[in-house]
Amino acid sequence: MRIMSSAPQKVIGLMSGTSMDGIDVAVLETDGALHNKLLYSRTYEYRADIKARLKKALGNRNLDENKKHDLEDAITRDHAKVCEEALALFDDIKLIGFHGQTIWHAPQDGKTCQLGDGNLLAHLTGCQVIYDFRSADMKAGGQGAPLLPIYHHKRAVESDKPLAVLNIGGVSNITYIDQDVKDIIGFDCGTGNALLNDWVTYKTGEIMDADGRYASAGKIDHEWVNTQMGLDYFNLKPPKSLDRDAFNFDDKKEKWSLNDGAATLTYFTAQSIKRSCEHLPSLPKTLAVTGGGRRNPVLMNYIQDLLPDTNVMAVEELGWDGDALEAEGFAHFAMCYINKTPITYPNITGCNAPVIGGQSS
């Protein structure tokens with residue numbers, strides 16, 4: 001059944017980020033404009049075998065087509081499975097915004113790859129599915145990322161401005177919000193949790209530095225961080241975006257201790273965020289942090305220490321849900337597609353005109 005009205009609807013949003021922690025599900029009551037009310041959210045961990053297959057696929061632009069199809073099929077079926085509870089709780093849901101799983105992102109080539117079969121998801125759930133939100137922006141000359149700034153702008157309509165929203169997922173990105181949509185700035189800061197998670201997995205087999213316990217016991221390799229901060233990306237003015245695997249610790253694999261590596265990579269993330277703030281029109285008085293990184297007290301303290309004149313806080317202090325925010329965004333974008341309203345703008349991604357994102361099943 002097709003959704004034709006722009007009146008508020010209950011919409012499922014699905015997001016799996018580059019941290020590959022799992023699948024975030026949100027049910028958002030939204031009109032695709034300023035009415036956005038979170039009704040339900042939950043995160044489901046990826047199955048171990050799916051996560052292992054995804055890690056092997058990351059960055060592989062020449063992935064065997066049969067393997068790619070099989071992985072996409074499995075990911076889509078897992079997304080359908082995690083929709084079941086929401087669909088049972090709300091029997092009037094007819095629309096899903098489906099981001100899919102990014103395995104590589106190459107803005108310099110105008111290409112990106114998110115695994116997820118929108119038509120299969122529609123068949124399995126019985127809902128209209130809006131998917132492939134990035135391609136249209138890239139075809140219009142944009143970076144295809146980040147996508148959430150316009151949703152941050154709409155959610156912040158009653159917040160004091162200017163306001164900066166920092167998302168720390170696998171990659172970190174920042175949104176600068178002032179009064180008008182033309183004043184929004186959004187871009188990728190650098191690595192988020194991905195590099196740190198990969199380090200901890202390499203050293204211990206664990207998936208993350210929970211509560212920053214390894215970083216808190218380590219010593220920062222400032223020389224390495226300073227070298228990384230000299231890379232061209234950090235001096236490049238926005239719009240800009242990057243791939244999850246744009247940075248690596250290959251030269252330090254056997255040189256750092258577990259704790260020193262964790263401390264260094266956590267500090268690198270914080271430094272890239274500080275540098276990003278230098279590209280904003282003004283230093284934000286408030287930096288509201290969403291994504292998994294807000295749960296790492298060592299990272300949050302590093303950011304606060306580097307930005308002493310900014311109040312660094314979790315988005316929950318704005319009344320938002322930092323675990324659901326991205327999934328909410330894709331529910332909202334599904335309704336934007338129905339309304340034929342843009343989700344990216346030249347001042348955010350560098351596209352040549354405002355772009356309506358997505359395809360419909």
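For this chain, numbers begin at 1 and follow the sequence in order.
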Out of the candidates Thr112, Thr349, Asn352, only one should pair with Asp137 under the side-chain hydrogen bond (donor to acceptor under 3.5 Å, both in side chains) rule; please name it.
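Of the listed residues Thr112, Thr349, Asn352, the side-chain hydrogen bond (donor to acceptor under 3.5 Å, both in side chains) partner of Asp137 is Thr349.
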Tell me which one of Lys203, Arg244, Lys55 satisfies side-chain hydrogen bond (donor to acceptor under 3.5 Å, both in side chains) with Asp198.
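Passing option: Arg244.
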Does [X] have more than 12 heavy atoms from other residues, nucleotides or ligands lying within 6.0 Å of its [atom1]?
{"X": "Asp232", "atom1": "CG", "value": "no"}
{"X": "His222", "atom1": "NE2", "value": "yes"}
{"X": "Lys68", "atom1": "NZ", "value": "no"}

Grouping I, L, V, M, F, W and Y whenever their side-chain heavy atoms are under 4.5 Å apart, do [X] and [Y] come out in a common cluster?
{"X": "Ile12", "Y": "Ile130", "value": "no"}
{"X": "Ile23", "Y": "Val27", "value": "yes"}
{"X": "Leu121", "Y": "Ile103", "value": "yes"}
{"X": "Ile184", "Y": "Leu280", "value": "no"}
{"X": "Leu71", "Y": "Leu14", "value": "yes"}

Could you check whether the rings of His332 and Tyr151 sit parallel, tilted or perpendicular, using 30° and 60° as the cut-offs?
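Judged by the thresholds at 30° and 60°, the geometry between His332 and Tyr151 is tilted.
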Specify whether Trp199 and Trp256 have parallel, tilted or perpendicular ring planes, treating 30° as the upper limit for parallel and 60° as the lower limit for perpendicular.
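If you compare the ring of Trp199 with that of Trp256, the planes turn out perpendicular.
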Should the pair [X]-[Y] be classified as a salt bridge under the 4.0 Å nitrogen-to-oxygen rule?
{"X": "Asp31", "Y": "Lys154", "value": "no"}
{"X": "Lys51", "Y": "Glu45", "value": "no"}
{"X": "Lys240", "Y": "Asp188", "value": "no"}
{"X": "Asp92", "Y": "Lys10", "value": "yes"}
{"X": "Asp243", "Y": "Arg61", "value": "no"}
{"X": "Glu278", "Y": "Lys237", "value": "no"}
{"X": "Asp49", "Y": "Arg47", "value": "yes"}

For [X] versus [Y], what's the shortest heavy-atom pair and its separation?
{"X": "Pro297", "Y": "Gly212", "answer": "CD-N, 4.4 Å"}
{"X": "Gly190", "Y": "Leu242", "answer": "CA-CD2, 4.1 Å"}
{"X": "Cys127", "Y": "Leu95", "answer": "CB-N, 4.2 Å"}
{"X": "Leu28", "Y": "Ala331", "answer": "CB-CB, 3.9 Å"}
{"X": "Thr341", "Y": "Gly32", "answer": "OG1-O, 4.3 Å"}
{"X": "Thr201", "Y": "Ile207", "answer": "OG1-CA, 3.8 Å"}

Is it the case that the ring center of [Y] lies less than 6.0 angstrom away from the ring center of [X]?
{"X": "Tyr131", "Y": "His99", "answer": "no"}
{"X": "Trp224", "Y": "Phe268", "answer": "yes"}
{"X": "Phe98", "Y": "Tyr337", "answer": "no"}
{"X": "Phe330", "Y": "Phe133", "answer": "yes"}

With distance as the sole test, does Gln304 use its side chain to make a donor-acceptor pair with the main-chain N or O of Thr310 at under 3.5 Å?
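Pair found, side chain donor or acceptor close to backbone of Thr310.
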Donor-acceptor contact present, side-chain Glu72 to main-chain Gly116, <3.5 Å:
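Confirmed, Glu72 side chain pairs with Gly116 backbone.
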What I'd like to find out is whether the side chain of [X] reaches to under 4.5 Å of the side chain of [Y], using heavy atoms alone.
{"X": "His105", "Y": "Met138", "value": "yes"}
{"X": "Val355", "Y": "Pro342", "value": "no"}
{"X": "Glu85", "Y": "Tyr44", "value": "yes"}

Less than 6.0 angstrom from the centroid, inside 45 degrees of the normal: does Lys182 satisfy that with respect to the ring of Tyr345?
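Judged by the rule (NZ or CZ under 6.0 Å from the ring centre, within 45° of its axis), Lys182 is not positioned above Tyr345.
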Consider side-chain contact (heavy atoms from CB on, under 4.5 Å). Of Asn173, Thr344, Thr175, which one does Pro146 pass it with?
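Only one option passes, and that is Asn173.
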